[in-house]
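Scroll down for the structure; my scribbles are underneath it.
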Amino acid sequence: MPTWDEATPYTERSTFSRHASVTNALVGVHLAALAVAAISHFAHWRVFLEATEFKTISALYGLQFWRFITYPFAHSLDPASLVAFVVLGWLFIRAGNELERDWGGARMLGFCTAMALYGAAAQAAWDVFTGAAADFRTEGIGGFHAPILGVLLAATLRNPRRPVLLFMILPMRAITFFWLVFGAALLYSVPLFRNGNGPSPLAIAGAVAAAWAYSRLDPRLDRVLEWLDTRKARAKFLEEFELRAQVDILLEKIQKSGMESLSRQERRTLRRASGLYRPPARTSHE
Amino acid sequence: MSDVRRRFVRLSIFLLPALLILAALHFFRGDLREAAPSLMMPRYAFDGVTFIMKGRSRAEALAPWTQQVIEKLKERSAIYGFKAPERGFLIEVQSAGAASECELKSNRIVIRGIRDDAPWELIRQDLSRLIARTMLREGAPDADFSPWFEEGVSRFYEGLQPPFGSRKPELIVHAARNPPASLEGALESRGGAYFAAVSHSIIAFLHEAYTAELIAKYAEIERAPGSVMLGEFQRIFGKDVEKEWREFLAQRQKGS
């Protein structure tokens with residue numbers, strides 16, 4: 001991890017991944033989705049956007065559940081959205097790859113999906129409570145802003161005081177940088193909200209809130225799961241210990257009076273104990 | 001706990017709040033669950049008429065015809081004061097159900113019982129009738145029209161091609177074969193068997209037996225705020241109106 005003294009235009013180069021990763025694959029899929037959106041736009045063919053965008057009434061009440069996770073792929077093509085695509089895409093490649101090295105691809109994919117889901121849930125709650133869901137003129141939302149800002153926050157909260165360079169020149173803390181990006185994304189998304197697959201500030205806020213809660217609660221959840229594992233292992237150890245003691249007594253009894261002297265309960269105890277002395281199953285690589 | 005199992009548990013716990021929120025929203029607004037199919041149906045807007053139906057080609061074929069009906073009714077506004085809603089018409093075509101309807105004080109018309117692949121021509125009859133009814137109500141928003149009058153006028157202006165507004169011989173014969181006990185009873189009726197045929201026969205009779213000015217005078221009473229007093233019909237058209245109406249029915253039955 002670089003320190004303040006080490007912050008140079010090359011500081012963050014170490015976080016860039018040229019290897020195959022879920023993050024890079026997701027960026028590839030988004031590029032393909034942007035290309036499809038561009039072709040659809042010029043061909044006046046709206047099937048792709050209509051099938052992927054998020055509309056509360058279709059997703060939640062029409063049971064088109066895929067919309068909860070497909071709306072990030074419904075990109076709009078106005079100049080501001082294309083600039084946002086490049087900037088956020090670049091930040092996602094950097095932060096996402098760094099996070100993925102620590103988390104692994106499966107967790108990264110799950111996290112991105114969950115961020116999209118939380119963004120959509122926030123949007124759905126807003127639409128239901130304001131009555132926008134019941135208005136057929138309500139436009140759908142799209143864009144990958146919500147999950148990407150969630151990933152950015154999760155990456156930032158791992159080390160919020162680390163130095164980053166704004167515009168590759170101005171050093172600042174990672175958390176300050178994140179809030180600047182978040183504020184800019186909200187400001188940019190408000191005028192584009194409900195405007196032909198535009199981003200939703202509510203979805204962005206929902207995903208960021210979920211990422212913040214995840215970053216705070218995940219270590220605690222890990223400790224709880226660890227504690228549960230330890231408790232289970234301890235209970236198993238004590239049970240085994242007790243069983244071994246019983247087996248010793250039973251073996252002594254067999255030696256003295258023979259197998260026939262054992263009661264049904266004692267035979268059952270012996271059968272249970274036989275598992276303890278079995279050699280562990282051989283794994284395929286051995 | 002194995003690593004895979006632990007990951008699954010963590011993901012499930014992480015997703016649980018979102019799923020609970022969504023489930024709560026889904027059940028909290030059950031009305032939206034019922035409205036979802038119509039809200040999700042494709043919409044096609046054409047100059048003052050929005051269709052909510054499957055099949056763009058059907059909507060495109062129906063739009064000019066609908067606009068023609070509206071224009072023709074506007075031209076014939078002298079007697080009944082037809083007026084198109086300022087917000088335009090919202091016409092929804094559904095495959096389920098049987099009875100088509102137009103909502104009171106609304107621009108929404110629901111045509112039911114038309115299959116998604118049925119030709120657009122099948123929609124015309126009900127649609128023309130309900131457009132006439134909506135425009136009649138729109139012309140006098142505070143009126144409490146007599147049910148027979150609303151039904152009779154809308155049946156009279158029901159049709160497949162211009163001029164919209166004509167006597168329907170089959171309905172008149174139907175009314176003649178099943179006449180009500182008295183005209184007063186027919187005027188007070190609010191529905192039931194032969195209601196449409198009898199109501200239409202009264203309007204058709206008025207157009208044959210009386211001048212447009214006299215019919216417009218009665219229509220003015222119907223269009224005034226509040227409901228119509230008993231005896232107003234006889235006051236305008238005379239005491240012999242029932243006898244003349246029965247003769248009109250008998251004559252049509254003989255001719256059929």
Side-chain angles (χ1 to χ4, degrees), chain A residues 46 50 55-65 67-69 103-104 106-107 109-111 113-129 131-138 206-207 209-211 213-215 217-218 220-222 224-226 228-233, chain B residues 1-45 49-56 59-60 87-94 96 103 106-110:
Chain A
R46 277 193 56 82
E50 279 177 3
K55 271 186 176 177
T56 300
I57 195 72
S58 314
L60 191 56
Y61 297 97
L63 307 182
Q64 295 178 354
F65 295 128
R67 291 180 188 278
F68 284 103
I69 54 171
W103 281 1
R107 188 171 169 193
L109 184 64
F111 185 74
T113 309
M115 287 298 102
L117 179 68
Y118 271 99
Q123 182 61 48
W126 170 265
D127 284 347
V128 169
F129 287 115
D135 189 346
F136 70 85
R137 288 164 299 186
T138 301
Y214 178 78
S215 301
L217 296 177
D218 192 54
R220 289 175 200 187
L221 178 65
D222 232 7
V224 170
L225 292 175
E226 202 68 53
L228 284 174
D229 270 357
T230 312
R231 208 174 72 153
K232 198 173 163 188
Chain B
M1 197 184 287
S2 72
D3 193 41
V4 175
R5 201 169 153 196
R6 179 180 281 213
R7 280 176 185 216
F8 178 75
V9 169
R10 280 163 67 145
L11 184 67
S12 306
I13 292 173
F14 183 39
L15 294 182
L16 192 65
L19 298 176
L20 286 176
I21 290 169
L22 292 171
L25 293 175
H26 186 81
F27 291 104
F28 172 66
R29 287 294 302 270
D31 55 321
L32 286 177
R33 216 162 47 236
E34 283 151 25
S38 84
L39 283 164
M40 287 161 60
M41 191 92 86
R43 285 167 160 74
Y44 308 104
V49 184
T50 303
F51 291 101
I52 305 172
M53 62 194 294
K54 284 190 180 153
R56 174 179 275 279
E60 280 172 348
R87 293 164 293 162
F89 280 93
L90 187 66
I91 297 162
E92 194 174 330
V93 181
Q94 298 177 357
E103 290 168 8
S106 163
N107 61 341
R108 183 166 173 251
I109 291 174
V110 186

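Below, chain A is the first sequence line, B the second, and so on; all start at residue 1.
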Next item on the list: Please identify each residue that fulfils ring pair (Phe, Tyr, Trp, His ring centres under 6.0 Å) with B/F89, with sequence neighbours left out.
Entry: none
Item checked: B/R10 with A/D222: basic N within carboxylate O range, under 4.0 Å -> yes
Checklist line | salt_bridge(B/R6, A/E226) N-O dist < 4.0 Å | finding: yes
Let me check something: any side-chain donor-acceptor pairs from residues 12-19 of chain B under 3.5 Å, sequence neighbours excluded? List them with distances.
{"residue": "B/S12", "atom": "OG", "partner": "B/F8", "partner atom": "O", "Å": "2.7"}

Non-hydrogen atoms of chain B under 4.5 Å away: do they reach the side chain of [X], the backbone, both or neither?
| X | result |
| --- | --- |
| A/Q64 | side chain |
| A/L217 | neither |
| A/L221 | side chain |

Checklist line | Atom group of B/L11 that falls short of 4.5 Å from chain A, counting heavy atoms | finding: side chain
